[in-house]
Trainee: 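Quick one: the structure is below, and I'll ask about it shortly.
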Number of protein chains: 2
Amino acid sequence: MKIIPMDQSTLPTLDPLIEHIRKKVSLSPEEVRETLLSFKLKNIKKRQFIIQPDFVATHRNYVLKGSFRAYVVDSKGQEYTIQLAIEDWWISDYNSYIFQQPATMFVVALEDSEVAQIDYSREQYLKRYSPTFETFFRIMAERSTAFQQRRLIANLTQTAEERYHHFLEQYPRLVQRIPQYALASYLGMTTEFISRLRNQKKKAKS
Amino acid sequence: MKIIPMDQSTLPTLDPLIEHIRKKVSLSPEEVRETLLSFKLKNIKKRQFIIQPDFVATHRNYVLKGSFRAYVVDSKGQEYTIQLAIEDWWISDYNSYIFQQPATMFVVALEDSEVAQIDYSREQYLKRYSPTFETFFRIMAERSTAFQQRRLIANLTQTAEERYHHFLEQYPRLVQRIPQYALASYLGMTTEFISRLRNQKKKAKS
DNA sequence: CATATTTCTTGATCTGGTTCATTTTTCTCC
DNA sequence: GGAGAAAAATGAACCAGATCAAGAAATATG
């Protein structure tokens, strides 16, 4: 019943999710049970979309394996990466999910991936079921705000080159795994520009 | 329906705050009482700082009257406006407040103002006192995330001119009240550039 | 109400990063 | 493992918006 396409693999479990939640709030056995009942495992193939514009984002996604990119596309077809996610991160179109309105973003798998999904109504149920979940989602939202604010500040105050280097320092692992165009559009610059930065570095090294 | 001119003033009350909270959650009489006990009214003179770098932001501030600007200053002395707030908005350095760490921002009054302040430990108490408050702050944080994401997308996808015009459409009232340099650094452009945009418009009109 | 300070305007010049076009490298999948 | 597709690199020309400088308007303050 479980099809595990990748070469070597662990049996997929929700353990990392429970761990993740327990870093923020303490869960009773019943709360753990409710959590396990609320989230569904899902395998997502590389290049597969889990959210698309005009459809309501019905789920919040916790990445168990793989990586994702959330992006918007402007009228000229230009893509802008809004969020990136690897293991132990969450991803969705929050404007769509929170307000249950049509999405404006695409969210696509960059690798063969596995996510734990909770749907909107089940999340509401969880929060009613126990204030612990209310607290958990409150903490998530707060951190998310704080994170976005730091990103906004970086975008306003730093040059393209500084943003690139700081990202490299902060997320060296992530950089290895995502394509250059995803990184470029996340940092608000062109792939050509990143390419030049990398090349300059090579030159300087030798 | 009540237009209150700048000079003479009404007796300050927390009524607008209670109204504000009740738009998001329903409050029992006891919860109203706890709210009233938790928030303190404070008068802030124009140019007065309520948050400064290196000091922990001890309060969350709800604006009852007046306006505020939150900004960071880079090594070259350049200022970048991170947040603006008028009546019925909240303002703080959230990275500082949420994590109770030293602030990186200044928050300054742009006009003679009045705020309702709650301090960090009292907020924690409120959330323990009733899950309603947990819910309220969760909703606040979620909307804040959604708002910031929209701003980030605007910054990534739009030209300086587009950002200026969209801001004008969305917040015509706000624009009247804040100095040009505050708007410019909020939108990520120079005051010179805004000045030119305004001038071009005048030309086109006549 | 006069003067000092802050904010806004205007012109000239400059530049970080884009755009466009082409080539090279790296994936992907039968 | 080889053809086709996707991603990255490279060069040349360009431009949106910044920077610098200096004056004009608006606000604050004694």
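A, B, ... follow the sequence lines: proteins, then strands. Residue 1 opens every chain. On a predicted model such as this, the values are computed, not experimentally measured, just so you know.
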Trainee: What nucleotide among D:dT10, D:dG17, C:dC8 has an atom nearest to a side-chain atom of B:Tyr181?
Mentor: C:dC8
Trainee: Given atom CG of A:Asp74 and atom C1' of C:dT19, what is their separation to the nearest angstrom?
Mentor: 14 Å
Trainee: Determine: side-chain N/O of A:Thr190 to OP1/OP2 of C:dT18, distance under 4.0 Å, yes or no.
Mentor: yes
Trainee: Rounded to the nearest angstrom, tell me the gap between atom CG in A:Leu187 and atom P in C:dG16.
Mentor: 19 Å
Trainee: Please determine, for the side chain of A:Asn199, which listed nucleotide (D:dT10, C:dT9, D:dG17) has the closest atom?
Mentor: D:dT10
Trainee: Between D:dA18 and B:Gln78, is there an OP1 or OP2 to side-chain N/O distance shorter than 4.0 Å?
Mentor: no
Trainee: CZ of B:Arg163 versus P of D:dG17: gap in Å, rounded?
Mentor: 7 Å
Trainee: For the side chain of A:Pro179, starting at C-beta, report the closest nucleotide among C:dT28, C:dA21, D:dA8.
Mentor: D:dA8
Trainee: Rounded to the Å, how far apart are B:Glu161 CD and D:dG17 C1'?
Mentor: 11 Å
Trainee: Could you verify whether a donor N or O on one side chain and an acceptor N or O on the other, from A:Arg122 and A:Ser38, lie under 3.5 Å apart?
Mentor: yes
Trainee: Checking A:Arg69 against A:Tyr71: charged group under 6.0 Å from the ring centre and within 45 degrees of the axis?
Mentor: yes
Trainee: After noting the C-alpha distance and the side-chain angles of B:Glu111 and B:Lys46, does the key distance pass the salt bridge (charged side-chain N to carboxylate O under 4.0 Å, His left out) rule?
Mentor: CA-CA 4 Å; B:Glu111 305 169 318; B:Lys46 183 170 178 172; over 6 Å; no
Trainee: Quick one: do the A:Arg198 and A:Tyr164 side chains pair a donor with an acceptor below 3.5 Å?
Mentor: yes
Trainee: Where the side chain of B:Gln180 is defined as all heavy atoms beyond and including C-beta, which of C:dC8, D:dA18, D:dA21 is the nearest nucleotide?
Mentor: C:dC8
Trainee: Hey, are B:Glu87 and B:Arg177 close enough for a salt bridge, meaning a charged N less than 4.0 Å from a carboxylate O?
Mentor: yes
Trainee: Look at the side chain of A:Arg196 and decide which nucleotide, out of D:dG17, D:dC20, D:dT10, has an atom nearest to it.
Mentor: D:dT10
Trainee: Please pick, from C:dT18, D:dT10, D:dG17, the nucleotide with the shortest atom-to-atom distance to any side-chain atom of B:Ala160.
Mentor: D:dG17
Trainee: Quick one: is D:dT27 close enough that its OP1 or OP2 comes under 4.0 Å of any side-chain N or O from B:Lys46?
Mentor: no
Trainee: Output the rounded distance in Å from OH (A:Tyr164) to C1' (C:dG17).
Mentor: 16 Å
Trainee: Contact class for B:Ser195 (heavy atom, under 4.0 Å): base, sugar-phosphate, or nothing?
Mentor: base
